[in-house]
Amino acid sequence: MKFDKITMDHGSGGKLTLGLIENTFKAKAGLDSAILGDIAFTTDSHSVQPLFFKGGDIGKLSVSGTVNDLLCVGAKPLYLSSAFIMEEGFLIKDLEKIVESMKDEAKKANVKIVCGDTKVVEAGKGFYINTSGIGKIIRPIDGLNIKEGDKIIVTGNIGDHGFAILNERENFNLTSNLISDCTELTGLILPLIESDLDIHWMRDPTRGGLAMCLNELCYKRDFGVEVFEELIPISDEVRSISEMLGIEPYYSANEGKIVIVANQKDASKILDVLHKHPLGQNAKIIGEITKDHPSKVLLNLSYDTKRLLNMPIVEKMPRIC
Amino acid sequence: MDLNKFKDKNLVLSLAQAIQKKSNSFGLLRIMHVCGTHENSIMRYALRDLLPNNIKLIAGPGCPVCVTSSRDIDAIINFGIKNKSKCIIATFGDMLRVKGSQYSLFSASKAGLLNVKMVYGLDELIELARNTKKEVIFFSVGFETTAAPVASVIKNYNLPENLSFFSVHKYTPNGVLELLKAGKINIDALLLPGHACVISGVSAYEKIADNFKLPCVAAGFEPADILSAVLMIINQIEHKTSKAENEYKRVLKYEGNKLGQKTLNDVFGLTDSIWRGLGIIRKSGFDFNAKYNFLNAKAKFNIQFSNKYIEEQKGCRCAEVILGVIEPTQCPLYAKGLCTPYNPIGPCMVSDEGTCRNWWEVKGEI
């Protein structure tokens, strides 16, 4: 597959994004943050449209996304940078709202925003925030110890953010109560990192949703993933919009969930810890690591049948009939 | 309506068991469906794995954009290019990436050759036309399910003068009838499309059931719908009958939507139509009646069609996939990884409704 130009699908977090990382950036797609000795370092750019949505805004997202990426490698998030690219004519009062959200979210996560940058571009070119973050590694969680039989846990209902954004962006005017799950997860995840529970890998299933996250988990590895449809927590709201649009919830982005791979002996203890926190009430064990089909994610269906849960292909669009 | 009822594990498994039990009473049973949404459900829930080996669920010509001819795609693109400064071509998302002889609407638009706008619905289309001085031409694709609401908008709304329609709508019952007549499809029963039958009625298939001795059952899209319909087909075979039946009673009436049919007939008439890779099929397309011909973009702008067009790119076997003669994985382009959703060669790999696309999503590369 060769492309002369960047397409929107290169940014969808799916297979084309992976191709870009490997072939053009000549880098290895791997963890959510780099582990540099006892420091974790990461960066994330945010381009969500609309900028304000039910459950958050681009400011909140820019802090929570970076904080969660640091948590995923076993770090305590400490400091963030923030860089703004703003179009001429952008309302100061909207910028103030965004900054306020960043401040609130940083406070919740107990991180400091310590440096930044401001650029203004011509009208019509949009509004973007980049945040970078560093954290102190409590213990490196790098995915190297993943083994057969490890359990896969998701910390709550999946698909909320993607459908909430789609609903607002496309003006579907659905009356259902779709709210983005956008939030930082320090309170939920830090106690796990600080415990001695045997956690092997973590990732926040953002773009490309749970399906992409699980595919990345076993990408080019000697193991595969087996998950069970009946165990994956999904809200009724997400289920119904998913049916209506013909887009499966597994492909819808999350901004306040983590997928955890852990030694099976500790899986139920991890669930106990998660269930005690308000953001982890719906945490579930959804499957396990297997040697049966390396690099593949299989979804066990309710009817004792199974199928591949493939990487998302392109930005999903509603079917026409 | 609680759709979960029709996904219920016990119900689905008991239907599968009932089908298994009866499967010794007949030989090979080839059931063709003609709806992309059916194929989507069948793949998504791996329903073929619940059926005995002698029952084959075959995907037929059920994807409207897949059967849209390159001749039509070329014509709209060439018109859009020649009149770039004066017009916008609007269409539904699935249609954008289907390639004609050279370009798809999407690739031609990305190359800056013409103005294309994707719309989600007809209200958005009307809004688009109201907010521009340019001519808006809607490349109007879909089976009777989509043709009926288009007809209703044309008949009942006061449309902006700069809006017109290029109809490539197809009529499923006649398409299937003519393909059977020509001996192009070889099957034992038909699973009828639940959505399309809402308009045409199950009754539109009586002729097929009678003339070709084919059991025909209209089905919904949940796992229990599809398996119930298979069971109804088996029952007909056991009783040596062949009639048009309705499994999807919670949504569709046997005789269809009379008002929808009337509206369709007021606005459109049936005309011979080219189905991609399958050639001209008698009275299988919808085009404008005289009364509404002022909204017909083909007439309004005297759009030119070329008889030099390429339906199938080299090596592409979409036509055989559409007829259920081969499975997608039997196409060398699919098997060698040369035709994928990232780089679709044939129309069946483009649309979410396409058989190859549905297979790729669930089976991946082989």
Side-chain angles (χ1 to χ4, degrees), chain A residues 1-10 12 14-20 166 169-173 211 215 229-230 234 236 239-240 242-251 293 295-321, chain B residues 3-4 7-10 12-13 15-16 35-37 40-41 43-50 62-65 91-97 106 110 118 120-121 124 141-146 193 195-196 221-223 227 337-338 340-344 351-353 357 360-365:
Chain A
M1 237 178 318
K2 279 215 163 176
F3 288 86
D4 303 331
K5 291 178 183 169
I6 292 293
T7 67
M8 288 308 286
D9 299 330
H10 281 106
S12 67
K15 203 171 183 176
L16 294 190
T17 313
L18 271 181
L20 208 56
L166 193 60
R169 187 188 295 169
E170 303 301 343
N171 291 319
F172 290 133
N173 297 323
N215 273 283
E229 185 177 53
E230 285 177 307
I234 300 168
D236 288 344
R239 234 179 248 290
S240 52
S242 147
E243 286 290 336
M244 234 177 292
L245 300 179
I247 303 173
E248 290 188 288
Y250 316 122
Y251 293 99
H293 39 79
S295 304
K296 285 202 163 103
V297 181
L298 286 194
L299 178 68
N300 285 269
L301 304 165
S302 318
Y303 317 125
D304 307 324
T305 51
K306 54 176 77 179
R307 69 167 169 90
L308 198 68
L309 190 61
N310 219 339
M311 285 191 202
I313 297 173
V314 291
E315 285 285 1
K316 296 271 176 180
M317 288 189 198
R319 291 199 293 271
I320 60 166
C321 66
Chain B
L3 288 177
N4 286 331
K7 288 190 176 77
D8 179 74
K9 183 177 180 174
N10 293 331
V12 169
L13 291 182
L15 285 164
C35 178
T37 312
N40 195 285
S41 283
M43 291 306 282
R44 180 170 160 191
Y45 298 106
L47 297 183
R48 288 191 177 93
D49 294 346
L50 291 176
C63 161
V65 307
T91 194
F92 291 132
D94 273 25
M95 193 64 235
L96 286 178
R97 289 176 193 256
F106 184 76
K110 286 283 160 189
M118 182 185 90
Y120 280 99
E124 203 182 331
V141 59
F143 293 126
E144 49 278 20
T145 344
T146 323
H195 290 154
F221 301 93
E222 299 301 329
L227 295 186
L338 297 172
T340 69
Y342 306 106
N343 181 28
S351 162
D352 272 356
E353 303 278 309
R357 173 69 174 266
W360 206 96
E361 289 217 14
V362 172
K363 287 187 184 283
E365 283 160 290

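Interface remark: B/Pro223 contributes side-chain atoms only to the contact with chain A (heavy atom separation under 4.5 Å). Only the backbone of A/Lys306 comes within contact range of chain B, with at least one heavy atom under 4.5 Å from a heavy atom of that chain. Heavy atoms of B/Val12 lying under 4.5 Å from chain A belong exclusively to its side chain.
Counting all heavy atoms, side chain and backbone alike, A/Arg307 lies closest to B/Arg44 at NE-O, 2.7 Å.
The CD atom of A/Glu230 lies 4.5 Å from the NZ atom of B/Lys9; values are rounded to the nearest 0.5 Å. Rounded to the nearest 0.5 Å, atoms OH (A/Tyr303) and CG (B/Asp8) are 8.0 Å apart. Atoms CG and OG1, on B/Leu47 and A/Thr305 in that order, are 7.0 Å from each other to the nearest 0.5 Å. Interatomic distance, A/Asn310 CG to B/Lys363 NZ, rounded to the nearest 0.5 Å: 12.0 Å.
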**Message:** Run B/Lys7 and A/Glu229 through salt bridge (charged side-chain N to carboxylate O under 4.0 Å, His left out) and show every step you take.
**Reply:** CA-CA 12 Å; B/Lys7 288 190 176 77; A/Glu229 185 177 53; over 6 Å; no

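In terms of non-hydrogen atom pairs under 4.5 Å with chain A, the most contact-rich of B/Ala46, B/Pro193, B/Gly36 is B/Ala46.
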